[in-house]
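Working notes, structure below.
No experiment lies behind these values; they were computed from the predicted model shown. A note on names: the letters A, B, ... follow the listed sequences, proteins ahead of strands, and every chain is numbered from 1.
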Amino acid sequence: MATSYRFAASLRRASLTSRAPARFQKLRPASQVRWTGNTSATSEPHQPDNKGTVKGAPAPAKAVKFTSETYPELQRNSKFTNLTQEHVDWFKNLLGSESAVIDGLSKDASADIEPFNSDWMRKYRGHAKLVVKPQSTEEVSKILKYCNENMLAVVPQGGNTGLVGGSVPVFDEIVINLAKMDKIRSFDQVSGILVADAGVILEVADNYLAEKKHIFPLDLGAKGSCQIGGNVATNAGGLRLLRYGSLHGNVLGIEAVLPDGTIVDDLSKLRKNNTGYDIKQLFIGGEGTIGIITAISILCPQRSEAVNVAYFGLESYDKAQEAFREAKKYLGEILSAFEMMDGRSQNLFKKASGKKLPLEEEHPFYCLIETSGSNTDHDSEKLQNFLEHVMESGIVSDGVLAQDQTQIGELWGCREGVPEHLGHWGGVYKYDLSIPISEMYDLVNATRERLTKAGLVGDDESHPAVDVVGYGHMGDANLHLNVPVRRYDKAVEKELEPFVYEWVQKRNGSISAEHGLGIAKKPFIGYSRNGTFLKLMKQIKDLYDPNGIMNPYKYI
Amino acid sequence: MSGLRILVPVKRVIDYAVKPRVNRTQTGVDTNVKHSMNPFDELSIEEAVRLRERKTPVQEILAFSAGPAKSADIIRTAMAMGADRGIHVQCNEGEELEPLGVAKLLKKVVEGEKSDLVILGKQSIDDDAAQTGQMLAGLLGWSQATQASKVQIEGDSVTVVREVDGGVETLKAKLPMVITTDLRLNEPRYASLPNIMKAKKKPLEKKTLKDYGLDTAPRLKTVKVTEPPARKGGVKVDDVDGMISKLKELGAL
């Protein structure tokens with residue numbers, strides 16, 4: 001079949017969203033990477049390069065500045081024991097195989113160890129001298145028990161794709177990497193419940209389920225390298241949240257190991273289980289601060305056979321809200337995504353990618369909706385009714401409906417390609433926020449006004465910022481505020497922080513909708529959680545991890 | 001001349017992005033999957049619409065399909081892209097057509113509708129026969145230009161650039177003629193919502209094979225359909241020596 005040439009476009013979607021593994025870069029001379037400077041913003045999906053911009057290849061792990069230098073106020077806690085040869089031998093004896101222990105103490109193994117020491121954002125780097133890769137829950141249990149008794153601090157690590165520095169050590173914590181725990185344990189075709197080790201890669205799990213006509217209720221850009229245990233530990237959100245809900249609801253049970261070696265076996269396959277405290281919820285989104293998740297049981301919905309995608313132009317944010325309301329009314333249970341992009345983000349996407357937008361004319365706002373259902377005819381009819389309604393009542397100004405799989409891919413590309421292409425000018429400050437839906441876009445306007453007033457936004461080289469744009473998961477009231485910039489600039493940072501966080505706090509929003517806290521947002525936790533809450537969290541932490549060996553120096 | 005009467009045949013096929021699977025009885029592929037318009041036919045419709053937009057006098061663009069009831073959706077899509085009306089010849093199960101049958105049918109349509117230009121995809125991506133256009137031109141006794149990557153019409157003279165091995169070939173012919181389309185001809189547009197709605201009101205005529213009184217009985221019999229043998233997994237060798245000895249073992253060296 002000679003069709004591959006033109007249709008490579010839809011394949012692009014897959015490659016667009018999967019991040020290249022960072023491990024195998026050639027090492028180059030070290031220089032300091034300081035891309036997002038001193039802000040807590042991220043540059044996802046770009047990895048900063050050697051010059052601190054996001055244009056070149058990602059910077060080698062060795063070039064990343066040590067977290068301890070970036071945050072001089074962080075001091076190594078002297079209660080933790082320094083790693084000795086005796087410790088290393090114990091681990092080697094336990095885990096046996098060569099590949100399960102990366103020993104940086106008795107020999108120089110920095111090339112092997114650096115990828116585990118530095119994070120995907122190229123912002124954080126620890127001084128770990130030992131990486132261990134257990135293969136079973138029992139091994140994890142023995143490791144933690146030993147570390148707890150010997151006061152050795154540890155960092156649990158999955159695919160290391162986090163954006164806030166939660167999965168890498170700060171000082172000499174031992175990295176416990178779960179990559180070797182990668183077995184799918186069971187899948188029940190009737191109930192749709194999957195039980196799998198924590199180290200299974202998200203895409204592997206999803207492909208496995210696809211064979212069985214099911215779907216993993218989570219999808220995100222890093223799916224090719226992130227692990228499901230890490231996804232649960234950080235309560236990852238992603239593209240399917242509107243339809244399938246958060247992991248707090250989908251995860252039915254977990255198997256975890258506490259710092260004292262206790263194995264918490266709660267791999268429940270029950271949807272209903274009202275028997276006291278739901279302890280597993282503490283591990284979901286706990287970011288590895290009270291224990292290590294070693295396996296999960298998760299409810300997976302049936303994969304939808306019929307998928308439709310439409311893309312609209314709208315004249316205002318109010319109309320976008322109206323369209324969302326109508327979509328819920330007309331499409332109900334088949335609505336699987338409602339994404340909003342402002343006209344500015346689409347324009348920059350067009351400029352940077354050189355692609356044509358699906359609509360001829362320009363509109364101030366765009367929305368993408370996706371429906372997934374079991375019956376094509378039934379779904380098309382619903383969608384047709386909805387489209388007719390929103391066109392005739394003037395809620396949307398124009399729109400297109402994908403006619404085939406290729407067009408579905410291309411329309412999604414207009415949304416998923418935005419984060420990638422915003423880096424075109426050099427870099428981008430990104431904030432991941434939850435804001436009440438009615439005020440969601442006000443933040444973008446307020447931020448743009450602020451930067452404009454300060455003379456920092458403009459079309460030419462003299463202005464550091466290119467524009468201030470917003471897009472995101474409208475269905476989840478999750479805004480991605482993005483400031484694409486030409487260069488790193490302290491003045492821009494000063495205008496952004498703490499302004500953005502204060503703005504969000506005033507509206508009772510969240511300073512971290514999907515990305516978590518880790519170390520990046522540690523100083524800002526107060527904007528979203530009050531003193532009482534912080535105290536309760538600390539109590540939980542002290543209860544399960546009295547020695548404080550689990551992922552120290554992070555948000556708690 | 002009052003303008004061209006363009007006929008664009010379109011076919012409903014398994015979406016190109018779907019991986020076809022052989023059915024259990026090994027008589028064909030599982031058709032209970034997403035279908036859409038044959039990508040080459042999208043190019044044909046797009047080209048017809050662009051001819052009109054380029055001010056070539058076009059009196060009418062007629063979208064035609066022969067296939068199951070759902071082929072009507074494909075004709076609606078063609079009309080949303082810019083075709084003026086449609087004809088759907090409904091084929092029931094067991095009435096599947098072979099390229100010659102389609103060509104004969106199209107000949108009848110051309111005669112009935114007084115078409116003077118037929119633009120069709122060079123092949124459909126399900127059967128990959130790539131014969132219909134040529135057969136139709138033969139039956140009609142018209143000029144033909146296959147695998148077009150550029151089409152220009154001035155008066156009754158048509159210039160077609162087509163891709164051939166190692167370069168391009170430019171053909172010139174007089175109307176009426178048959179043109180088959182190739183991938184680089186254009187980039188099909190999206191069906192916009194206002195046009196999708198307008199397309200609902202455009203006339204779509206339903207017919208059956210009997211209306212044309214043709215013998216379209218298949219001349220070929222499908223004996224068996226099987227998947228290609230699964231690719232065998234590779235092996236990892238430790239070093240160059242290991243690779244050489246492995247290659248020798250396999251008789252490749």
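- Counting non-hydrogen atoms of neighbouring residues, nucleotides and ligands closer than 6.0 angstrom, the CG atom of B/Asn92 exceeds 12 such neighbours.
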task: Using the side-chain contact (heavy atoms from CB on, under 4.5 Å) rule, take B/Glu42 and A/Gln407 through it: C-alpha gap first, then chi angles, then the decisive distance, then the call.
output: CA-CA 12 Å; B/Glu42 276 187 318; A/Gln407 291 190 348; 4.0 Å; yes
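- Between B/Lys34 and A/Glu305 there is no salt bridge, since no side-chain N of the basic residue sits under 4.0 Å from a carboxylate O of the acidic one.
- More than 12 non-hydrogen atoms from other residues, nucleotides or ligands lie less than 6.0 angstrom from CD of B/Glu169.
- In this structure, the side chains of B/Leu193 and A/Phe312 come closer than 4.5 Å at one or more pairs of heavy atoms.
- For NZ of B/Lys70, the number of neighbouring non-hydrogen atoms (other residues, nucleotides, ligands) closer than 6.0 Å is 12 at most.
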task: Please report the C-alpha distance between A/Glu388 and B/Lys200 in whole Å, then the side-chain angles of each, then the deciding distance to 0.1 Å, and finally whether the salt bridge (Lys or Arg N to Asp or Glu O under 4.0 Å) criterion is met.
output: CA-CA 11 Å; A/Glu388 253 168 59; B/Lys200 286 188 164 181; 2.7 Å; yes
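- Using modelled atom types, one side-chain atom of B/Asp15 and one backbone atom of A/Gln405 make a donor-acceptor pair closer than 3.5 Å.
- Remark: A/Gln189 CD is packed, more than 12 non-hydrogen atoms of other residues, nucleotides or ligands lying under 6.0 Å away.
- Put simply, the side chain of B/Ile196 reaches to within 4.5 Å of the side chain of A/Leu401, judged on heavy atoms.
- B/Tyr16 has its side chain out of reach of A/Asp404: every pair of non-hydrogen atoms, C-beta onward, lies at least 4.5 Å apart.
- No more than 12 heavy atoms of other residues, nucleotides or ligands lie within 6.0 Å of NZ in A/Lys213, so this atom counts as exposed by the packing criterion.
- For A/Glu360, no part lies under 4.5 angstrom from a heavy atom of chain B.
- Contact of A/Val390 with chain B is not made at all, since no heavy-atom distance falls under 4.5 Å.
- For A/Tyr311, no part lies under 4.5 angstrom from a heavy atom of chain B.
- For A/Gln403 and B/Ser36, the side-chain atoms include no donor-acceptor pair closer than 3.5 Å.
- Shortest non-hydrogen contact noted between A/Gly399 and B/Pro194 is O-CD, 4.2 Å.
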field: side-chain contact (heavy atoms from CB on, under 4.5 Å) between B/Met197 and A/Gln384, intermediate numbers included
entry: CA-CA 9 Å; B/Met197 273 185 261; A/Gln384 292 285 352; 5.8 Å; no
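- Environment of CD in A/Glu361: sparse, with no more than 12 heavy atoms of neighbouring residues, nucleotides or ligands closer than 6.0 Å.
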